[in-house]
Amino acid sequence: MKFRDLTMEDLDSLVRWRNDPVVTRHLSNRMQLREEAEAWFHKLKANPKIWLKVIIEDGQTIGYAGVESIDEKNRKCELVLVIGESDYWGKGIGKSVLMTMLEYAFDTLHMHRVWAVTARGNDRSERLLKKAGFMQEGIMRETIIIGERFTDLLCYSILEHEYKLI
Ligand SMILES: CC(C)(COP(=O)(O)OP(=O)(O)OC[C@H]1O[C@@H](n2cnc3c(N)ncnc32)[C@H](O)[C@@H]1OP(=O)(O)O)[C@@H](O)C(=O)NCCC(=O)NCCS
């Protein structure tokens, strides 16, 4: 598994993944349109500290990952991860990507707190977060519409001293 910087040329793949019902079963409907993906891309690229990569496996682009919402004052940030080619799920790639993002967030950006949210029912994602040392800290009740249903978001985080114990 390798990474490279996400570029404008990757946005069509990104939009394709965000329109795949298997991939988005537990995701919001953001970035279904090319314009939404471009707006997201430009916003993130405006901050040089943001880690925004595509994931390469077998020479193929299979997904993307980002360290977002960097708050330097409070030393916290959010992680996002989508493996858009679902054939590659369950092979440990998610864990490798997540650990690389944590290394960047804690060792390079010197964050104190790293957080991620996942929809209730996204058991694979929850399992992954727990495997990487995150703990659940709360629930945002019915805060997002997935499909046509209001859905809970489960809030997970890991603090710097917890990361050092891994
Ligand atoms: C969530 C996602 C990143 C996981 O990536 P992945 O490469 O499959 O993750 P890993 O293989 O490292 O780990 C997945 C874990 O979930 C487990 N798992 C698989 N299916 C599961 C299920 N239905 N219920 C619970 N756990 C499950 C796997 O066994 C594995 O745990 P293990 O290593 O202890 O056996 C990937 O499925 C994905 O991109 N999904 C779509 C987008 C998404 O939901 N992103 C997360 C939003 S927060």
Side-chain angles (χ1 to χ4, degrees), residues 1 3 6 14 17-32 36-37 40-41 43-44 47 49-55 57 62-166:
M1 191 265 304
F3 299 109
L6 187 136
L14 200 139
W17 298 328
R18 296 299 303 222
N19 282 284
D20 180 337
V22 174
V23 176
T24 58
R25 182 163 169 230
H26 300 291
L27 301 182
S28 73
N29 63 359
R30 78 172 189 168
M31 294 197 290
Q32 279 178 318
E36 290 168 337
W40 173 81
F41 176 81
K43 188 175 136 234
L44 294 188
N47 183 338
K49 290 195 173 162
I50 280 178
W51 191 96
L52 183 57
K53 305 284 181 189
V54 288
I55 305 158
E57 184 75 20
I62 63 161
Y64 67 94
V67 178
E68 294 188 7
S69 313
I70 297 171
D71 174 347
E72 291 188 308
K73 182 166 179 284
N74 298 298
R75 291 174 50 210
K76 62 182 178 182
C77 64
E78 177 184 10
L79 304 188
V80 296
L81 166 58
V82 173
I83 299 175
E85 303 294 342
S86 52
D87 293 354
Y88 285 89
W89 292 0
K91 298 175 188 289
I93 296 173
K95 172 93 187 289
S96 304
V97 175
L98 199 51
M99 296 319 289
T100 305
M101 287 196 280
L102 286 178
E103 192 182 325
Y104 178 72
F106 286 118
D107 296 343
T108 303
L109 296 179
H110 305 294
M111 293 284 119
H112 174 67
R113 165 188 154 80
V114 175
W115 57 279
V117 293
T118 189
R120 188 187 291 285
N122 194 347
D123 298 338
R124 188 184 292 270
S125 172
E126 263 201 279
R127 171 82 195 117
L128 173 58
L129 290 166
K130 286 178 186 160
K131 260 199 315 186
F134 283 72
M135 64 171 68
Q136 192 183 322
E137 61 186 10
I139 299 169
M140 284 190 273
R141 295 181 307 144
E142 300 195 3
T143 189
I144 188 173
I145 295 175
I146 296 181
E148 302 203 331
R149 298 179 59 165
F150 284 107
T151 305
D152 295 345
L153 277 184
L154 311 181
C155 308
Y156 275 83
S157 69
I158 179 168
L159 303 178
E160 59 183 329
H161 67 272
E162 295 163 347
Y163 171 70
K164 291 200 173 95
L165 290 176
I166 295 175

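Counting begins at 1 with the first residue of the sequence. Keep in mind that what you see is a predicted model, and the values were worked out from it rather than measured.
Within 6.0 Å of the CZ atom in R25, the count of heavy atoms belonging to other residues, nucleotides or ligands does not exceed 12. Within 6.0 Å of the CE atom in M135, the count of heavy atoms belonging to other residues, nucleotides or ligands does not exceed 12. Around CD of E72, the count of heavy atoms belonging to other residues, nucleotides or ligands within 6.0 Å does not exceed 12. The environment of NZ in K49 is sparse: at most 12 heavy-atom neighbours from other residues, nucleotides or ligands sit within 6.0 Å.
Between N19 and Q32, the shortest heavy-atom distance links the atoms ND2-O, 2.9 Å. K95 approaches K131 most closely through the heavy-atom pair CE-O, 3.7 Å. For the residue pair T151 and R149, the shortest heavy atom distance occurs at OG1-O, 3.0 Å. Contact record, I158 with G133: CD1-O, 3.6 Å, taken as the closest heavy-atom pair. When all heavy atoms are compared, the tightest approach of V97 to A65 is CG1-CB, 3.6 Å. Taking every heavy atom of both residues into account, G84 and D20 meet most closely at O-OD2, 4.4 Å.
Side chain to side chain, W51 and E103 fail the donor-acceptor criterion of an N or O pair below 3.5 Å.
Every residue was checked against the side chain to side chain contact (heavy atoms under 4.5 Å, CB included) condition with D87, not counting sequence neighbours, and none meets it.
Of the inter-residue distances, the one linking R113 atom CZ with D71 atom CG reads 10.0 Å to the nearest 0.5 angstrom. Atoms CG and CD1, from L128 and I83 in turn, are 8.0 Å apart once rounded to the nearest 0.5 Å. The CG atom of N122 lies 7.0 Å from the CG atom of L27; values are rounded to the nearest 0.5 Å.
Considering only heavy atoms from C-beta on, F150 stays 4.5 Å or farther from I144 through its side chain. Under the 4.5 Å side-chain criterion, counting only non-hydrogen atoms from C-beta, L102 is in contact with L79. When side chains are defined from C-beta on, V67 does not count as touching V114, because their heavy atoms never get closer than 4.5 Å. D152 is listed as a side-chain neighbour of R141, based on a closest heavy-atom distance under 4.5 Å. Considering only heavy atoms from C-beta on, Y156 comes within 4.5 Å of K130 through its side chain. Within the 4.5 Å cutoff, the side chain of L44 has no heavy atoms near those of the L6 side chain. Using a 4.5 Å heavy-atom threshold, the side chains of E78 and V117 count as touching. A heavy-atom distance below 4.5 Å is found between the side chains of M111 and I70.
For the pair R18 (side chain) and V23 (backbone), a donor-acceptor distance under 3.5 Å is absent.
In this structure, W17 and Y64 have parallel ring planes: the angle between them is below the 30° cut-off, well short of the 60° mark.
Under the side-chain hydrogen bond (donor to acceptor under 3.5 Å, both in side chains) test applied with H112, the options E160, K76, R75 reduce to a single match, E160.
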